[in-house]
Participant: 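Right, I'll just put the structure down here and ask away after.
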Amino acid sequence: MAGTERVSVPELPEVETIVRELRPHLVGRRIRSAQVLRPTVCTFSADQLRGAVVRRIERRGKYILVHLDRRGTTPVLAFHLGMTGQLLRASPDLPPDKHTHIVLRLSGLADELRFRDVRRFGEACLYRSPPDLHRALLDRLGPEAHTVTSTQLARAAWTSSRPIKPLLMDQEKVAGLGNIYTDESLWQARLHPLRPSDSLSADELGELAFCTRAVLREAVGDRGSSVDDYLTPDGSAGRYQQRHAVYGRPGEPCPRCSAAIERIRLQGRGTHFCPKCQSAPGHGDDRED
DNA sequence: CCGACGTCCTGCTAGC
DNA sequence: TGCTAGCAGGACGTCG
């Protein structure tokens, strides 16, 4: 793959794709055995999982939540994939590599489930109960990005003067967006990533909410973006990267106006936008329609 | 309260 | 050719 972007960071569409793929394989099965190959990436020991039955699996923000049933308790296993995390089904005949940190074997499932993470920004946490999970994790997350409304966006945006891009990536404000889909949503909404959040009009925030939902819906339909090594648990790749308008395309023509896509650094993140049709802050907001 | 910045980690690549 | 420095970034801790 050409370009300077080599890493595919799992965001809402990738995590949703993983959850959908795993669900029919995991739900109802019992964890026969668990191996923790690298204890630093998780908060539990292998024997805390043994014998647990998977009741359901869901996504919240970028978290994968595996609800368990074990000896009358209902613990929840939560995965965050960080930048390079993967949940893969793999044959036990293939020895796990050095980046495989957790291995689960389930009753009635030939493949084992592996948590693999090259850069180890991801982690797996075990919570004692759903209320514990909410207190420690879920209550801190903002509304889901794929259903976010203009009202919800306005509530977050109008109380902050920080640029709109880092606000969208703040999981306490909106849950599920990362670098790729934030850049794509802002391009779709014709908003410059540096625009102060509290400078956005109700109309602009309405458009941003609409575009964010649309981008995520299409990306989920394409089973996410595969930029380099992101794969779904069955080993297949997503294809939304073919539709990226700006992300990973510095210097290429904007699909809307043909101006060259720019790339800047914003709070340490590579940020891609069209300098022509995403009007710069302080240069007026007149847009053609 | 808010935001900027350093930290974690590995693999790839530009440059000497 | 082989080395190293730099870069990529999600979330969190620290500092101003």
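Order of the sequence lines sets the chain letters (A, B, ...), proteins ahead of strands, with each chain counted from 1.
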Participant: Contact class for Gly178(A) (heavy atom, under 4.0 Å): base, sugar-phosphate, or nothing?
Facilitator: nothing
Participant: Flag the pair Arg162(A) and Asp170(A) as a salt bridge only when some basic side-chain nitrogen lies within less than 4.0 angstrom of an acidic carboxylate oxygen.
Facilitator: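 Salt bridge flag = yes for Asp170(A) with Arg162(A).
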Participant: Which ranges of DNA chain C pair up as stems, where a stem means three or more consecutive Watson-Crick or G-U pairs with both distances under 3.5 Å?
Facilitator: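 Counting only runs of 3 or more consecutive pairs, the stems involving DNA chain C are B:2-16 with C:2-16.
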Participant: Roughly, in whole Å, what's the span from OH in Tyr181(A) to C1' in dG10(C)?
Facilitator: 16 Å
Participant: Calculate the interatomic distance between Leu138(A) atom CG and dA11(C) atom P; express it in whole Å.
Facilitator: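 One finds 14 Å between P of dA11(C) and CG of Leu138(A), rounded.
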Participant: Under the salt bridge (Lys or Arg N to Asp or Glu O under 4.0 Å) rule, collect the residues that match up with Arg243(A), sequence neighbours excluded.
Facilitator: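 Partners of Arg243(A) by the salt bridge (Lys or Arg N to Asp or Glu O under 4.0 Å) criterion, ordered by chain and then number, come out as Glu218(A), Asp222(A).
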Participant: From the set dA11(C), dG9(C), dG11(B), return the single nucleotide nearest to any side-chain atom of Tyr247(A).
Facilitator: dG9(C)
Participant: Under the ring pair (Phe, Tyr, Trp, His ring centres under 6.0 Å) definition, can you give me all pairs with a residue in residues 137-159 of chain A, not counting sequence neighbours?
Facilitator: none
Participant: With ILVMFWY side chains joined below 4.5 Å, transitively, what does Ile264(A)'s cluster contain besides itself?
Facilitator: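 Once heavy-atom contacts under 4.5 Å are chained together, Ile264(A) belongs with Leu194(A), Leu266(A), Phe273(A).
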Participant: Does some side-chain heavy atom of Cys277(A) sit less than 4.5 Å from a side-chain heavy atom of Trp187(A)?
Facilitator: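 Result yes, sub-4.5 Å side-chain heavy-atom pair found.
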Participant: Taking the side chain as C-beta and beyond, is there a heavy-atom pair between Leu216(A) and Tyr181(A) under 4.5 Å?
Facilitator: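 Sidechains of Tyr181(A) and Leu216(A): in contact.
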Participant: Just the rounded figure in Å: distance from C1' of dG11(B) to CZ of Phe121(A).
Facilitator: 12 Å
Participant: Out of dG11(B), dA11(C), dG9(C), which nucleotide sits closest to the side chain of Lys98(A)?
Facilitator: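 Of all the options, the side chain of Lys98(A) is nearest to dG11(B).
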Participant: Can you name the side chain to side chain contact (heavy atoms under 4.5 Å, CB included) partners of Arg30(A), sequence neighbours left out?
Facilitator: Val53(A), Ser107(A)
Participant: Among residues at least two apart in sequence or on other chains, which ones pass side chain to side chain contact (heavy atoms under 4.5 Å, CB included) with Leu109(A)?
Facilitator: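 Once residues adjacent in sequence are excluded, the partners of Leu109(A) under the side chain to side chain contact (heavy atoms under 4.5 Å, CB included) criterion are His25(A), Leu26(A), Arg29(A), Leu106(A).
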Participant: Could you list the protein-to-nucleotides 13-16 of chain C atom pairs, N/O on both sides, closer than 3.5 Å?
Facilitator:
none

Participant: If I take atom CG in residue Leu81(A) and atom P in nucleotide dG10(C), what distance separates them, rounded to the nearest angstrom?
Facilitator: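 Rounded to whole Å, this separation is 12 Å.
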Participant: Closest approach to the side chain of His99(A), judged atom by atom: which nucleotide of dG11(B), dA8(C), dC12(C) is it?
Facilitator: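 Of dG11(B), dA8(C), dC12(C), dG11(B) is nearest to the side chain of His99(A).
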Participant: Just how far, in rounded Å, is P of dA11(C) from CG of Asn179(A)?
Facilitator: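 My rounded result for the distance is 11 Å.
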Participant: Rounding to an integer number of Å, can you tell me how far Leu167(A) CG sits from dC2(B) P?
Facilitator: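 Rounding to the nearest Å, CG of Leu167(A) and P of dC2(B) are 11 Å apart.
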Participant: From CG of Leu137(A) over to P of dG10(C), roughly how many Å is that when rounded to an integer?
Facilitator: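 Nearest whole value for this atom pair: 17 Å.
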Participant: Applying side chain to side chain contact (heavy atoms under 4.5 Å, CB included), can you list everything that pairs with Ala90(A), at least two apart in sequence or on another chain?
Facilitator: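 Partners of Ala90(A) by the side chain to side chain contact (heavy atoms under 4.5 Å, CB included) criterion, ordered by chain and then number, come out as Arg114(A).
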Participant: Could you list who else is in Tyr63(A)'s hydrophobic cluster, with ILVMFWY side chains joined at under 4.5 Å, directly or through other members?
Facilitator: Leu65(A), Val76(A), Tyr127(A), Leu133(A), Leu137(A), Leu138(A), Leu141(A)
Participant: Taking ILVMFWY side chains as joined if any heavy atoms are under 4.5 angstrom apart, and letting links pass through other members, which residues group with Met169(A)?
Facilitator: none
Participant: Of the nucleotides dG10(C), dG11(B), dA8(C), which one has an atom closest to the side chain of His80(A)?
Facilitator: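 Within the option list, the nearest is dG10(C).
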Participant: Checking Asp97(A) now: which residues fulfil salt bridge (Lys or Arg N to Asp or Glu O under 4.0 Å) with it, not counting sequence neighbours?
Facilitator: Arg116(A)
Participant: Do the side-chain N or O atoms of Arg38(A) get closer than 4.0 angstrom to the phosphate oxygens (OP1, OP2) of dC9(B)?
Facilitator: no
Participant: What's touching nucleotides 3-6 of chain B from the protein side, N or O pairs under 3.5 Å?
Facilitator:
residue, atom, partner, partner atom, Å
dG3(B), OP1, Ser160(A), OG, 2.7
dG3(B), OP1, Arg162(A), N, 3.3
dA4(B), OP2, Gln267(A), NE2, 2.1

Participant: Can you tell me the distance, in whole Å, between the CE atom of Met83(A) and the C1' atom of dC8(B)?
Facilitator: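 Value for this atom pair: 12 Å.
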